[in-house]
Amino acid sequence: MTKFSDLKLDPKVLKAVEDAGYETPTPIQAGAIPPALEGRDVLGIAQTGTGKTASFTLPMISLLKRGRARARMPRSLVLAPTRELAAQVAENFDTYAKHTKLTKALLIGGVSFGEQDKLIDRGVDVLIATPGRLLDHFERGKLLLTGVQIMVVDEADRMLDMGFIPDIERIFQLTPFTRQTLFFSATMAPEIERITNTFLSNPEKIEVARAATTGENITQGVLMFKPSRRDRAATEKRDMLRRLIEREGEACTNAIIFCNRKVDVDVVAKSLKKHGYNAEPIHGDLDQSQRMRTLAGFRDGSIKFLIASDVAARGLDIPAVSHVFNYDVPSHAEDYVHRIGRTGRAGRSGVALMICAPVDEKNLADIERLVQNQIPRLDALEGTATPAAEEAEETAESKPSRSRSRSRSRSRSNSEEPAAEAPEPQEAEAPRSEEKSSSRRSGRGRRDGGDRDRGGNTPTGLGDHLPDFIARSFDDRQETPEAG
DNA sequence: AAAAAAC
């Protein structure tokens with residue numbers, strides 16, 4: 001098996017890798033590092049959780065090690081779609097460049113220009129940026145991209161979703177034609193393929209499945225929510241969320257709760273706090289320093305519940321999240337996969353539970369079509385969606401830690417250590433004749449498939465590695481106009 | 001209809 005020491009990395013980089021405790025590269029690293037070190041363009045098709053970041057930072061540092069930066073002319077450029085992701089790359093760079101003298105600057109919005117300007121003026125080897133802020137610097141005449149030898153585009157498919165592709169094209173055109181390009185995307189949408197055809201030169205293509213997971217070890221469930229009265233819907237939904245959390249009991253060590261709208265992120269966070277939960281919001285309207293603080297707190301465990309918009313749905317490397325709660329059904333089906341992918345990482349088991357209001361049912365259907373499976377319906381939670389809910393808001397429920405273990409202990413036992421048994425074909429649950437949910441299955445039945453009829457070789461759950469829509473490479477995309 | 005990202 002390949003070791004990092006076989007990869008011809010610079011000795012100082014190798015040392016830093018060893019310091020960090022790594023010996024064996026992940027598949028994307030083993031695939032991307034050698035061609036990158038040879039100066040070739042790389043097209044990496046991989047998601048977060050695959051070790052993607054190191055697959056470009058390690059060769060970059062090795063290649064840049066000799067040579068010096070000139071003022072205002074960075075020697076390399078990394079582009080990421082969100083500020084947090086850019087910051088994450090910067091941390092990664094610090095880790096692996098610690099034995100070198102390479103310098104870096106992080107150019108993201110939401111912070112003042114002053115410090116960034118100073119660094120650029122002095123000259124940096126590596127510039128890590130979100131596209132908007134980078135172009136802003138460029139337009140102010142503070143920055144020359146003609147010295148860029150290596151350019152990295154990370155999470156290109158998300159850049160596409162966010163409308164950054166024109167910016168990316170522009171930035172490409174500002175850099176020398178002779179640069180080396182390392183380009184990463186989780187999927188190969190036609191637009192992405194067009195970009196790679198235009199700006200990459202005979203790239204080495206490396207495609208890897210997601211690391212060890214995508215649902216195989218994620219227990220999913222959806223709770224159909226019907227408010228008793230229109231004007232109580234919001235209150236009752238928050239109440240339902242708390243019950244959902246409580247029912248998971250101690251198995252829920254930390255969780256991300258996704259909402260579709262920023263206002264709801266704020267409202268839900270405030271409500272949870274009021275009820276004694278250790279919760280903080282994160283979304284794009286909060287100022288950057290707070291976003292950073294919150295994320296750091298969530299990572300180090302001082303914050304237990306992160307209430308998030310889709311700013312946190314992809315890419316952020318938050319290890320060991322036991323639960324993901326979808327307070328809203330995401331309106332883009334792919335976002336569901338990204339959101340629940342925040343749990344069950346690195347081979348751990350995870351639980352992903354979602355609340356579905358009547359208006360969300362169409363979106364739920366879209367998701368189920370996408371993942372080609374039905375998400376198990378959870379039994380209605382006792383006492384919810386009834387007029388009693390509003391009292392609950394004020395009284396008894398305010399003690400989240402209170403044990404209400406009756407239904408929980410059982411449900412737990414099902415999902416507690418699925419990791420060990422996950423590899424099994426798993427059908428203990430019997431063929432199950434489709435239909436309405438609220439049978440006695442406590443809902444936590446793992447994606448028990450049961451829909452072999454839904455098309456030839458239907459994957460069960462999200463499949464062994466990753467969903468079909470993600471796995472599909474661009475060749476397929478071009479030739480298969482979407483069977484259904 | 002919303003989120004992200006530039007001021």
Side-chain angles (χ1 to χ4, degrees), chain A residues 48 77-90 105-117 120 127-143 145 153-171 174 185-186 189 191 233-234 256-269 281-292 294-295 306-316 326-339 341-342 354 356-364 366-367:
Chain A
T48 13
L77 179 59
V78 180
L79 294 171
T82 67
R83 299 170 185 174
E84 277 75 11
L85 280 169
Q88 206 167 277
V89 171
L106 175 63
L107 304 189
I108 58 176
V111 296
S112 70
F113 283 90
E115 192 63 23
Q116 298 177 359
D117 280 342
I120 296 171
L127 208 53
I128 301 159
T130 46
R133 183 52 77 97
L134 180 85
L135 286 171
D136 207 338
H137 277 280
F138 180 80
E139 281 157 10
R140 289 161 68 248
K142 295 287 187 185
L143 187 59
L145 295 177
V153 179
D154 197 10
E155 306 261 338
D157 53 332
R158 189 157 184 216
M159 302 250 197
L160 175 66
D161 292 347
M162 290 169 61
F164 284 163
I165 292 299
D167 288 347
I168 297 298
E169 290 189 72
R170 176 149 176 246
I171 295 166
L174 297 173
S185 183
E191 184 68 0
I256 306 179
I257 299 165
F258 284 105
C259 303
N260 287 1
R261 279 169 290 266
K262 288 180 279 195
V263 283
D264 290 326
V265 169
D266 285 330
V267 170
V268 170
I282 189 167
H283 60 67
D285 280 356
L286 298 172
D287 75 56
Q288 191 57 29
S289 63
Q290 180 170 356
R291 282 164 66 171
M292 297 290 200
T294 298
L295 203 53
L306 185 70
I307 328 303
S309 68
D310 279 316
V311 70
R314 302 194 205 178
L316 288 193
N326 277 302
Y327 183 78
D328 296 307
V329 177
S331 46
H332 284 321
E334 312 87 54
D335 286 337
Y336 177 76
V337 179
H338 290 292
R339 287 182 180 186
R342 302 297 92 201
M354 180 157 70
C356 178
V359 292
D360 294 325
E361 281 172 28
K362 185 183 166 304
N363 287 331
L364 176 61
D366 288 346
I367 290 169

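Numbers restart at 1 for each chain; the letters A, B, ... are given by sequence-line order, proteins then strands.
Residues that satisfy the side-chain hydrogen bond (donor to acceptor under 3.5 Å, both in side chains) test with A:S289, not counting sequence neighbours, are A:D287. In this structure A:F113 satisfies the ring-ring contact (aromatic ring centres under 6.0 Å, His included) test together with A:H137, sequence neighbours excluded. Taking the side-chain contact (heavy atoms from CB on, under 4.5 Å) definition, one finds that A:E191 meets it with A:L160, A:I165, A:R194, sequence neighbours left out. Listed by chain and number, the residues in a salt bridge (Lys or Arg N to Asp or Glu O under 4.0 Å) with A:D335 are A:R314 (sequence neighbours excluded). Applying the side-chain hydrogen bond (donor to acceptor under 3.5 Å, both in side chains) criterion to A:D136, with sequence neighbours excluded, gives no partner residue.
Counting any heavy atom pair closer than 4.0 Å across all strands shown, A:R140 reaches no nucleic acid atom. Across all strands shown, A:H332 has heavy atoms under 4.0 Å from base atoms, whether or not it also approaches the sugar-phosphate. Note on A:F138: nothing from the nucleic acid sits closer than 4.0 angstrom, heavy atoms only. Residue-level contact check: A:G163 touches neither bases nor backbone, having no heavy atom under 4.0 Å from any strand. If you check every strand for non-hydrogen atoms under 4.0 Å, A:T130 touches sugar and phosphate atoms only.
Checking each of A:D266, A:D264, A:T294 against A:H283 for a side-chain hydrogen bond (donor to acceptor under 3.5 Å, both in side chains) leaves exactly one that passes, namely A:D266.
When DNA chain B is scanned 5' to 3' for any atom under 4.0 Å from a heavy atom of chain A, the first and last hits are B:dA1 to B:dC7.
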